[in-house]
Structures are given as C-alpha cells and as structure tokens.
Number of protein chains: 2
Amino acid sequence: MTGLGREGMSECNTRRPVSLLDVAKAAGVSRATASLVLRQSPLVADKTRLRVVEAMQSLGYIYNRGAANLRRNRTGTIGLVLNNIGSPFYSALMAGVDEVNEDGSVVTLVANSVDSPDRQIRQIRRLREHNVDGIILCPAIGSDETLAVELARLDLPCVQALRHVELLGGDYVGADYRSGIEKAVRHLVGSGHRRIVFVGAMALHSAARERNEGFRHATGLHGLEGGLVVAGGPDNVYDVAAFDRLLKTRNSPDAAVCYNDVIALNVMNRLRSLGRQPGRDFAVIGMDNLPQAAGAFPALTTIDTRPHEVGRKAAALLQKRIAQPGLANGEHIIVPPSLIVRQSCGETSAAA
Amino acid sequence: MTGLGREGMSECNTRRPVSLLDVAKAAGVSRATASLVLRQSPLVADKTRLRVVEAMQSLGYIYNRGAANLRRNRTGTIGLVLNNIGSPFYSALMAGVDEVNEDGSVVTLVANSVDSPDRQIRQIRRLREHNVDGIILCPAIGSDETLAVELARLDLPCVQALRHVELLGGDYVGADYRSGIEKAVRHLVGSGHRRIVFVGAMALHSAARERNEGFRHATGLHGLEGGLVVAGGPDNVYDVAAFDRLLKTRNSPDAAVCYNDVIALNVMNRLRSLGRQPGRDFAVIGMDNLPQAAGAFPALTTIDTRPHEVGRKAAALLQKRIAQPGLANGEHIIVPPSLIVRQSCGETSAAA
DNA sequence: TGCCCGATTTGGATCGATCTATATCCGTCG
DNA sequence: CGACGGATATAGATCGATCCAAATCGGGCA
C-alpha cells in the first residue's frame with residue numbers, strides 16, 4: 001500500500017521494464033500528461049514537456065506500442081502476402097511497399113502463401129490475429145470464394161497486387177501486362193519480324209490471362225499469322241518439346257515474346273542448344289526486367305513491369321483505405337510498363 | 001448498469017469486435033474458462049470446451065493476440081533487418097527464416113537498413129517498439145559501437161547473420177566464405193589453372209574480409225603467383241579498368257574467382273567485349289548461386305553459400321535464445337558452402 | 001475581492017487477453 | 001455424516017498505454 005511495492009529497491013534483481021508510469025513519477029506528472037508528451041500534443045507546457053522528455057531519457061524508456069495499440073485499435077502494421085517470397089520479382093515489390101510504409105512509419109509483416117489457397121487463408125488469419133491494419137495480397141493461384149468469405153469475415157482493408165481475383169472485388173494495383181506484351185510485339189513487327197511466338201502461355205491467374213490476351217490482340221492488330229503459342233505453367237516452366245517442334249517447322253518463327261524473363265533466358269539457352277544464336281538469328285523479349293535480364297548474354301530486351309512501383313502504389317492505396325475506412329473502394333491502379341531494348345531482340349536486324 | 005450497455009441492441013450499427021468476454025457470456029462460462037479453452041488447457045471439461053468452441057464459431061470470434069501479448073510479454077514476432085531488401089540473395093535468406101518461423105508460428109517483421117548504420121538503428125528501435133521477441137540482423141557496413149550500445153540498451157536477443165561485427169559479440173550464423181573461395185581456387189588449380197585473379201575484393205564487412213582471406217590463403221597453399229586481385233566495392237561493382245589492364249599484361253590470368261555471382265556475370269560479359277570467351281578461353285567462378293547463375297550463358301560455376309539455409313539456422317537459433325533467455329550466447333554456426341560446377345569454368349580444359 | 005476563461009493537468013475507466021489464488025462441485029472414504 | 005481430494009470453474013488483479021470528462025491553475029477584468 002505504501003508505493004505499489006516496487007519503489008523499495010530500485011536497480012534490483014527483477015529488472016522490470018520502464019513504463020510510462022515510471023517516467024511520469026520521475027518527472028512529477030501524471031501518466032496522462034506523460035502520454036500527451038509522447039504524442040507531441042500541443043496541450044502540454046514546454047517546461048513540463050522538457051521535464052518528461054528528460055525523465056524518459058534518463059530512465060531509458062522504451063515506448064510500448066503494443067499496449068497503445070490495444071487502446072487505439074490500430075497497430076501501424078500491415079500484412080504482405082506473397083506467393084513466392086524467395087523470388088526477386090516479389091522482393092522488388094516488397095522493397096516498394098517497405099519504402100512507402102517506412103515514410104508512414106508502418107511496419108510490414110510478411111507471409112508466404114506458396115501459391116496454395118489453403119496456406120493463404122491460414123496466413124491471412126495469422127496476420128489478422130496480429131491485428132494488422134490491412135493487407136496487401138498477391139492472391140494465390142486457385143483462390144476461390146472461400147477467400148472472399150474469409151476476407152469479408154475478417155473485415156480488413158485489402159489491396160490486391162499484381163494479380164486480382166474478380167470475385168473479391170475491391171482495390172487492385174498491377175501492371176498493364178496486356179499493353180506490355182503489345183509493345184513487345186509492336187517492337188518486333190517494327191524490326192521486320194512477322195512470325196512471332198508467345199512462349200509460356202497459361203491462364204492460371206489474371207496476370208497470365210492478360211498477357212495471353214495482349215498477345216492475341218497484338219497479333220490480330222498487326223495481321224500476323226496467329227496461333228504461335230507455346231504453353232507454360234507455374235514455376236517458370238514452358239513446354240520445351242513444343243517449342244523445339246515449332247522451330248523445326250517450315251516457316252518457323254524468328255522471334256519470341258516470353259511470359260517472363262526467366263523463361264526468356266531459358267529460351268535463349270535452348271536456342272543456342274539448337275544451333276541458333278539469340279539476338280542474331282532469333283529475337284527474344286522477356287517480361288519483368290529482373291536484375292538478371294541486364295546481365296544476361298545477350299542482354300535481354302524486356303518489358304519492365306515495375307514491381308517496385310506497384311509495391312509503392314499498393315502500399316499508398318492501402319494507407320488511404322486504412323485512414324478512411326468509409327470510402328468506397330474498388331479502385332484499379334494500373335502501372336504502365338515500358339519496353340527496355342537491349343541486345344536479345346537483334347537491334348541490327350531492324351534494317352532488314 | 002444493467003448489462004454494460006452493449007447488450008441492448010445486438011447486431012446494431014456500432015459493430016464492436018467480438019471479445020473473449022462475449023464468447024464466455026454466450027457459452028455461459030467465465031472469461032477465464034474461455035481463455036483456458038483458447039490455450040487448449042486440459043483443465044476444462046470436454047463438455048464445457050465444446051460449448052465454448054461453438055460459441056466462438058457462431059460469434060465469429062477472432063483471437064486478439066495483441067491483447068494477450070500485453071500480459072504475456074511475448075509477441076511471437078521477430079524482426080529481420082536486411083541491408084538490401086530487394087536483392088535475391090536476401091530474399092533467399094528471408095525465405096529460410098520464414099519457413100522456420102512459420103513452423104513455430106512466429107511472424108517476421110522486415111526492415112531495410114540499406115547498409116546505413118543510422119537507418120539500421122532507427123529500424124531496430126522501431127522493431128523494438130513493436131515488441132518483437134528478438135531480431136536477426138545482417139549488420140550494415142560501418143556498424144560501430146553505437147549499435148552495440150543500442151542493442152545492449154534494448155536488451156533484445158539478437159542473432160547476426162551473413163556478416164558479423166566483432167564488437168557486438170553474441171550469436172552468428174553465416175557461410176564459410178573462406179573455405180568456399182578455397183574450394184573454388186582448388187578446383188581451378190585442379191583444372192590446370194595457375195594464374196587466377198580474385199575480382200571484387202573489398203574489406204567493408206566480415207563476409208568480404210573472409211573471402212579475401214580465403215583467396216590469399218588458397219593461393220599460398222597452392223604456391224600460385226599471388227597478388228592477382230582486382231578491387232571491388234559495395235553494390236556489386238569492381239574495378240573494370242584494373243581488370244582490363246590485368247588482362248593485357250604478359251602472362252595474364254586465365255581464370256577468375258569473383259566476389260559474387262553478379263560480379264561474375266559482369267566479368268563474363270566484359271571478357272566477351274574483350275574478345276575472350278568465358279568458359280573456354282577463361283574460367284570464371286562466382287559465389288552465392290543466385291537463381292540467375294544457372295540460367296546464364298555459359299552457365300555459371302559458383303559457390304553456393306546457401307542463404308536459405310543460413311536463414312533457417314538463424315531463425316532456429318533465435319528461437320532457442322528466445323525460449324531460454326538465460327543461456328550463454330555467442331554461438332557461431334557456420335554453414336559449409338558447396339561448389340556447383342557448370343560450364344563457365346571450362347570443364348573441358350581440365351584435360352589440359 | 002470575486003468571477004470567468006483559456007491553458008494545463010489529471011484521475012479513472014478502458015482496450016482484451018492472461019495469471020494467480022480461491023471457490024465450487026461431486027464422489028468417496030473413514 | 002462430515003471430511004477429503006481431484007477435477008473444474010471463476011473472480012479480480014494485471015499488463016501499459018489512451019481517452020474522456022472533470023479539476024486545477026493563473027491571470028485579467030469588473
């Protein structure tokens with residue numbers, strides 16, 4: 001009763017962490033005032049503020065955000081759910097998110113769905129338990145209404161990034177894959193190519209479908225002999241046998257637009273194995289502009305889908321949603337991609 | 001006074017989240033019992049447990065870990081401080097950390113120091129405020145005693161990864177860069193190379209110094225004409241001019257061990273510009289085994305430093321420290337690297 | 001002197017879980 | 001019949017901040 005029983009022996013064995021109450025006592029003010037100082041309130045007199053700040057420093061006070069969160073019902077954290085945490089593409093996205101978050105002093109909790117809808121739901125739940133204020137979600141392949149139901153239940157602002165699932169609705173930030181592929185085809189056509197193959201086609205998620213559509217649309221636009229498409233799948237694979245066969249046909253293609261850079265690099269290697277020299281006998285264009293594209297041989301022409309920028313935009317949008325939960329959502333922000341011309345698409349053959 | 005004032009109109013406009021108290025009331029038990037159910041305590045009767053679980057489900061209860069943390073003084077989160085969040089190398093590390101964390105149902109808060117000691121300290125503080133249970137730190141270049149002081153002040157379990165700062169002491173998990181470089185040199189010597197250059201030498205952090213030492217030691221061991229070293233710096237650069245000059249000397253080197261894969265790829269491209277064919281006229285070995293190494297042309301021989309495994313080990317060690325804070329720390333776990341032989345080091349010339 | 005008002009300060013309730021010590025139940029045994 | 005003990009259940013304090021309404025202070029003015 002005489003002092004809460006902890007005054008007795010300061011600097012004793014049981015090092016209890018310094019709380020705001022300790023600071024307040026040391027500064028001779030109330031908890032409430034000390035709290036106001038913490039939050040830079042203009043209500044406290046400068047003299048008092050100074051005293052409190054000094055007490056904080058001398059005691060080595062550390063702000064306990066967790067305690068504050070409980071009351072404020074806001075944590076200053078967001079969740080980022082990726083399908084493949086180890087991929088450079090996603091780390092660029094994450095870097096963008098982190099940049100914006102740091103400005104808003106928000107921290108990022110990362111989770112990996114490994115493109116499994118079940119894991120995805122588990123991860124989202126886990127993040128929710130940690131009271132993230134919102135999440136940025138790159139939806140896993142095969143996401144279905146279970147996800148929509150769960151998100152509704154959790155009542156959590158959610159921005160989709162890179163891919164979007166129609167039935168979720170809501171906000172989305174992604175690249176314009178469609179126009180990206182179209183740019184690539186236009187460039188090749190401009191360099192005199194007429195037989196262009198799209199390598200790595202699949203329809204497992206929106207980003208893939210948009211690329212396919214972009215290719216179909218572009219070939220139509222330029223009146224190319226359509227239908228030169230080689231199938232692909234997740235994990236950066238493509239149907240190598242089909243590609244090989246296609247190359248052996250009369251009137252075989254002399255240019256490829258690839259689903260992404262990794263496939264493009266594989267295609268270049270395959271071409272060499274088949275005795276063709278990428279960038280000279282055969283033009284190759286990739287997509288994503290991964291770091292390895294510039295260093296490849298020949299340096300890979302590619303469509304930069306700017307994942308870093310997508311990350312920035314997604315984080316900013318999520319911040320907006322968190323700040324004003326009432327607003328109608330459903331915004332779609334589409335980042336325009338750009339074509340980075342390097343050697344793999346045979347600059348020289350432009351004259352042909 | 002008649003029921004805390006929230007019973008009156010259930011399902012009304014002010015959707016207060018469901019708390020454990022609500023669940024308890026609905027199940028006709030006390031908060032304490034409901035809490036025991038949450039934590040799978042064997043103390044509750046099966047009949048009761050069932051009732052509580054049903055109440056949770058029908059009310060759509062969501063566990064508020066933040067509230068629990070306040071009391072338990074443990075959050076189930078760790079911080080991961082990286083120097084370059086966008087790099088594939090670090091994302092591999094992160095993937096490893098995440099794997100282990102997920103098994104222990106721990107979540108990762110990432111922060112990016114961008115190799116700036118100031119930012120690094122800010123990030124660590126920020127993580128600490130969020131009450132992470134510990135951190136995995138890849139110390140920034142130029143980390144000094146300020147960091148040591150801060151870490152001591154925060155009183156937080158900390159495992160260093162990939163690089164270590166001597167004056168911090170404590171736990172460390174990293175690759176055996178020294179022996180990795182030695183393996184590379186041995187392999188080249190075994191293939192008949194005698195004039196080997198180390199490209200990208202620098203001494204900005206422990207991982208770099210260990211590579212340098214490894215090279216010095218290996219050249220001594222094999223009685224090579226030593227001293228063939230080309231300087232390097234952060235951000236994957238090396239002294240291109242010096243490298244070019246070296247190649248023009250009489251008795252110029254015919255093999256290079258590079259600081260990392262990115263530099264190795266640049267070196268391969270540079271060699272081609274200078275009219276040499278990597279993998280045939282000149283052997284190149286990289287370090288790290290980034291995804292792009294396998295896809296390069298020629299496929300890059302490299303030393304796999306296994307960042308994913310380092311991440312796993314670091315996360316596991318940190319969990320141990322968190323579980324048993326008393327234990328003396330200062331463990332050094334060194335992951336053995338392995339040499340991945342591909343085409344860039346000229347398999348064929350082994351016969352020469 | 002007394003009253004009013006803006007500028008500060010503060011007590012006490014609150015967020016939602018966990019922990020500790022205590023209470024209750026119920027069958028069994030002396 | 002009462003005591004005992006194992007099995008369950010619970011009340012109340014607690015973690016460390018924030019929020020709200022109310023108290024206090026200190027001049028200035030009538």
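Proteins get letters first, then strands, A, B, ... in listed order; numbering begins at 1 in each.
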### Query
Which part of the nucleic acid, if any, lies within reach of B:Ala32 when heavy atoms closer than 4.0 Å are counted: base, sugar-phosphate only, or nothing?
base
### Message
What contact category does A:Ala67 fall into here, base, sugar-phosphate, or nothing, at under 4.0 angstrom with non-hydrogen atoms?
### Response
base
### Message
Between A:Arg126 (side chain only) and B:Val106 (backbone N and O only), is there a donor and an acceptor less than 3.5 Å apart?
### Response
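Side chain of A:Arg126 to backbone of B:Val106, a donor-acceptor pair under 3.5 Å: yes, one is there.
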### Message
Check whether B:Arg65 reaches the backbone of A:His130 with its side chain - one donor and one acceptor, N or O, closer than 3.5 Å.
### Response
no
Given atom [atom1] of [X] and atom [atom2] of [N], what is their separation to the nearest angstrom?
X	N	atom1	atom2	answer
A:Asn64	D:dC15	CG	P	12 Å
A:Lys25	D:dG16	NZ	C1'	13 Å
A:Asn69	C:dG16	CG	P	13 Å
A:Arg74	D:dT18	CZ	C1'	14 Å
B:Asn73	D:dT14	CG	C1'	12 Å
A:Leu21	C:dT9	CG	C1'	16 Å
B:Leu36	C:dG16	CG	P	19 Å
B:Arg31	D:dA9	CZ	C1'	13 Å

Measuring to OP1 and OP2 of [N], would you say a side-chain N or O of [X] lies under 4.0 angstrom away?
X	N	result
B:Thr33	D:dT10	yes
A:Arg71	D:dG16	no
B:Ser19	C:dC15	no

### Query
Can you find a pair of side-chain heavy atoms, one from A:Arg321 and one from A:Asn329, that are under 4.5 Å apart?
yes
### Query
Rounded to the nearest 0.5 Å, how far does CG of B:Leu36 lie from OG of B:Ser30?
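The distance works out to 7.5 Å.
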